[in-house]
Engineer: 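Structure incoming, see below.
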Amino acid sequence: MADYQVVIAGGGPVGLAAAVELGRRGIHVLVIEPRVTVSHARPRCKTVNARSMEHLRRWGLADELRKRAPLSTDWSQDVVFCTSLTGRELSRFSGVLGLVAEGDRFPELGQQAPQYVLEELLRDSVGDLPSCELRTGLAVTDLQQDAAGVTVTATDTHGTSTRVTAEYLIGCDGPRSAVRPLIGAAYDGEHALRPNFGMVFQAPGLSELVPHGPAVHYWVINPDAPALLGPLDREGTWWMIAFGADAETGARDAGQLIDAATGTTTGAVILSTDPWTARMQIADRMRDRRVFLAGDAAHLNPPLGGHGLNTGLGDAVDLGWKLAAVLDGWGGPALLDSYAGERRPIQERVIREATANMAVTSAELLADNLDAADEDGERARLTAGERIQATKRAEFHSLDLVLDIRIEESPVIAHNPSALAGSRLPHAWLDGQSLYDDLGSGFTLLVLADLAASEAVRIGQAAHSRGVPLSTVNLSGHHLRDRYGADLVLVRPDQYVAWADDLAPEPARLIDLLRGECPVATKGATT
């Protein structure tokens, strides 16, 4: 018997999210993480998007993240472009990044929060789950697998190794993943040529000098320091990216770059630095038998748009519920086969759109006379503003990428004529309560018409006979049938629609398809 059902290599946000998804379903999980404590030095992710917040809501953690976040959702919903932090404004976008409600579209606003805040919350959540264990100070260094399971070798900083066994292993160990090469996988893709220099610095009182008001972040368009920067808290901690600065230049001129970008003498105290180049890469395989890759171990994209970590959380959720289904005995082999097929098109699209965002940074928006006080300056700023609006809007208003991606091909989604199948369930508020709060932890069958009640019973019986957890929610009194285009909507644990129709002529066959036990030929199915 294996020591654990699932071992997770890497206890960053993606690995921890996978542990939460599994642990809440009672799966015995071990997370192995080299870092003893969460680092505050390089808060690379600063936005938990609306879709990730939906998962946090499902886990009961959304409100707690908001409590811990240094900046509340009402801090700002704007992105400002300016010649310096204290200089002239060129343009702005409002209502960005899902930080403003849009009626029924989603139940949770996005949340500005440094990555370490999310990571500490997820560590606490894993610690609260009886079936989960987090071991720090160790890194996965080797693995061997056979038909029965995986033997995982973990090594501490002194070179002492220990071995544990598991039924499955998930590699969430980042860009320098040990798991990726151990399963024969490698990144495909490119590096950007231009270097960038990230910094976190302390400059109390700086925000009081900014004439543009609070912003999620500020794009600085000036030749001395084309940059992107923003606040991490209200106590004067800021992050900044100096575009085009290499490690040597950044280390030597960090203070000058900050002063040039802010337009004032800050006396900033540098807390950390992070030289980097953008990478547009994806692993050539995401699975080898009992071993899977997720998050940065599987794909990398430029950070502009805030999609990287959030895409990784989507990986964790997709793989987590499917692994739990197989381990609980009701999920079939096609369920795990569907992981890469469902996630890879999403990952590829994120890489494409993030690469497009990276194609126009502050360096590409430089122009003469932007700070001039004369008519030439007015014309230059007008032209710059028009270009900014034309080239950057998609980066800040990207909810189609966050919420509306449809799974076009999957062996475990019944792609019938309904356009709803393969889509995230359209959200609705019902008497002030989120429809998502009515969804069960397994499959949920929404009954949208009274006449469909008997059909729902047949589907429920088929699910029960196969051990598939399915709850039924009668919504016939809420007039949602026309919106969803079917009498019955069957929703997966990850809030994606698995099937929608008025009738299920063969309920048992339908349930077998959705649980991955009967991958019959259907529109978009893979073999």
Side-chain angles (χ1 to χ4, degrees), residues 1-42 44-45 59 61 64 68 115-146 148-183 287-298 309 312-313 315-317 319-321 323-324 327:
M1 182 176 178
D3 300 321
Y4 299 90
Q5 290 177 288
V6 178
V7 168
I8 298 172
V14 175
L16 294 169
V20 171
E21 188 69 34
L22 289 159
R24 283 172 53 82
R25 301 174 189 281
I27 302 302
H28 193 198
V29 178
L30 170 65
V31 182
I32 296 174
E33 166 55 40
R35 296 166 302 146
V36 175
T37 59
V38 174
S39 171
H40 288 216
R42 298 175 179 177
R44 290 176 177 173
C45 172
W59 297 332
L61 301 177
E64 182 61 24
R68 297 189 185 194
Q115 179 171 317
Y116 53 76
V117 174
L118 174 63
E119 193 170 332
E120 287 171 343
L121 172 62
L122 292 175
R123 277 199 180 198
D124 289 346
S125 181
V126 167
D128 290 339
L129 291 167
S131 66
C132 289
E133 179 183 347
L134 171 63
R135 289 192 201 173
T136 61
L138 294 169
V140 170
T141 53
D142 198 8
L143 67 90
Q144 295 178 337
Q145 61 175 316
D146 55 29
V150 187
T151 300
V152 181
T153 301
T155 306
D156 65 17
T157 55
H158 303 292
T160 302
S161 295
T162 184
R163 288 182 176 85
V164 296
T165 57
E167 295 183 60
Y168 294 95
L169 170 68
I170 309 175
C172 302
D173 46 348
R176 298 179 180 86
S177 171
V179 174
R180 187 176 56 250
L182 287 171
I183 65 168
R287 178 188 182 186
D288 176 29
R289 293 167 288 166
R290 291 179 171 270
V291 182
F292 298 81
L293 300 176
D296 285 354
L309 179 145
L313 293 183
D315 298 343
V317 169
L319 182 56
W321 77 263
L323 269 177
L327 290 165

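Nothing here was measured: the structure is a model prediction, and the numbers come from that model.
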Engineer: Looking only at non-hydrogen atoms, find the nearest pair between Trp59 and Ala17 and report the distance.
Structural biologist: CH2-CB, 3.7 Å
Engineer: Show me the pairs that pass ring pair (Phe, Tyr, Trp, His ring centres under 6.0 Å) and involve residues 121-142, at least two apart or across chains.
Structural biologist: none
Engineer: Per the side chain to side chain contact (heavy atoms under 4.5 Å, CB included) rule, which among Leu182, Val291, Leu293 passes with Leu169?
Structural biologist: Val291
Engineer: Please list, one pair per line, the donor and acceptor atoms closer than 3.5 Å that link side chains of residues 137-144 to other protein atoms, with sequence neighbours excluded.
Structural biologist:
{"unit_1": "Thr141", "atom_1": "OG1", "unit_2": "Thr153", "atom_2": "O", "d": "3.4"}
{"unit_1": "Thr141", "atom_1": "OG1", "unit_2": "Thr155", "atom_2": "OG1", "d": "2.9"}

Engineer: Once salt bridge (charged side-chain N to carboxylate O under 4.0 Å, His left out) is applied, do any residues pair with Glu21, and if so which ones, sequence neighbours excluded?
Structural biologist: Arg25, Arg58
Engineer: So, Gln145 side chain and Arg290 main chain: donor-acceptor pair closer than 3.5 Å or not?
Structural biologist: yes
Engineer: Could you pull out all residues at least two apart from Arg289 that satisfy side chain to side chain donor-acceptor pair (under 3.5 Å)?
Structural biologist: none
Engineer: Minimum heavy-atom separation for Ile27 to Ser131, with atom names?
Structural biologist: O-OG, 2.9 Å
Engineer: Look only at the side chain of Asp173 and the backbone of Arg176, and say whether a donor-acceptor pair between them is shorter than 3.5 Å.
Structural biologist: no
Engineer: Show, in sequence, the C-alpha distance, side-chain angles and deciding distance for Leu61 and Leu121, and conclude whether the side-chain contact (heavy atoms from CB on, under 4.5 Å) test is met.
Structural biologist: CA-CA 8 Å; Leu61 301 177; Leu121 172 62; 4.2 Å; yes
Engineer: What pairs with Ala18 under side-chain contact (heavy atoms from CB on, under 4.5 Å), at least two apart in sequence or on another chain?
Structural biologist: Ile8, Ile170, Ala316
Engineer: When rounded to the nearest 0.5 angstrom, what is the spacing between CZ in Phe292 and CD1 in Ile183?
Structural biologist: 9.5 Å
Engineer: State which residues pass side chain to side chain donor-acceptor pair (under 3.5 Å) with Arg24; sequence neighbours excluded, sorted by chain then number.
Structural biologist: none
Engineer: Is the CZ atom of Arg163 crowded by more than 12 outside heavy atoms at less than 6.0 Å?
Structural biologist: no
Engineer: Which residue pairs pass the ring pair (Phe, Tyr, Trp, His ring centres under 6.0 Å) test with at least one member in residues 13-32, sequence neighbours excluded?
Structural biologist: Tyr4-His28
Engineer: Check whether Glu33 reaches the backbone of Gly11 with its side chain - one donor and one acceptor, N or O, closer than 3.5 Å.
Structural biologist: yes
Engineer: Would you call Val29 and Val31 a side-chain contact if the rule is heavy atoms closer than 4.5 Å?
Structural biologist: yes
Engineer: Side chains of Asp3 and Leu30: does their closest heavy-atom pair fall under 4.5 Å?
Structural biologist: no
Engineer: Under the rule for salt bridge (charged side-chain N to carboxylate O under 4.0 Å, His left out), what residues qualify as partners of Glu120, not counting sequence neighbours?
Structural biologist: none
Engineer: Determine, step by step, whether Ile32 and Val7 satisfy the side-chain contact (heavy atoms from CB on, under 4.5 Å) criterion, reporting the C-alpha distance in whole Å, the side-chain angles of both residues, the deciding distance to 0.1 Å, and the verdict.
Structural biologist: CA-CA 7 Å; Ile32 296 174; Val7 168; 3.9 Å; yes
Engineer: To the nearest 0.5 Å, tell me how far Ser125 OG sits from Leu134 CG.
Structural biologist: 11.5 Å
Engineer: So, for Ser177 and Pro181, which heavy atoms are closest and what is the spacing to 0.1 Å?
Structural biologist: O-CD, 3.1 Å
Engineer: Tell me the closest heavy-atom pair linking Pro13 and Glu119, and the distance in Å.
Structural biologist: CD-OE1, 3.6 Å
Engineer: List for me each residue that meets side chain to side chain donor-acceptor pair (under 3.5 Å) alongside Arg123, sequence neighbours excluded, and say none if there are none.
Structural biologist: none
Engineer: Take Val317 and Leu313 through the side-chain contact (heavy atoms from CB on, under 4.5 Å) test and state the conclusion after the steps.
Structural biologist: CA-CA 6 Å; Val317 169; Leu313 293 183; 5.6 Å; no
Engineer: Which pairs with one or both residues in residues 132-141 pass salt bridge (charged side-chain N to carboxylate O under 4.0 Å, His left out), sequence neighbours excluded?
Structural biologist: Glu133-Arg135
Engineer: With sequence neighbours left out, write down each residue that passes side chain to side chain donor-acceptor pair (under 3.5 Å) with Tyr168, or none if nothing qualifies.
Structural biologist: none
Engineer: Hey, mind stepping through Leu122 and Val20 against side-chain contact (heavy atoms from CB on, under 4.5 Å) and telling me if it holds?
Structural biologist: CA-CA 8 Å; Leu122 292 175; Val20 171; 4.3 Å; yes
Engineer: Which heavy-atom pair separates Ala2 from Thr165 by the least distance, and what is that distance?
Structural biologist: CA-OG1, 3.4 Å
Engineer: Mind checking what makes salt bridge (charged side-chain N to carboxylate O under 4.0 Å, His left out) contact with Asp124, not counting sequence neighbours?
Structural biologist: Arg68
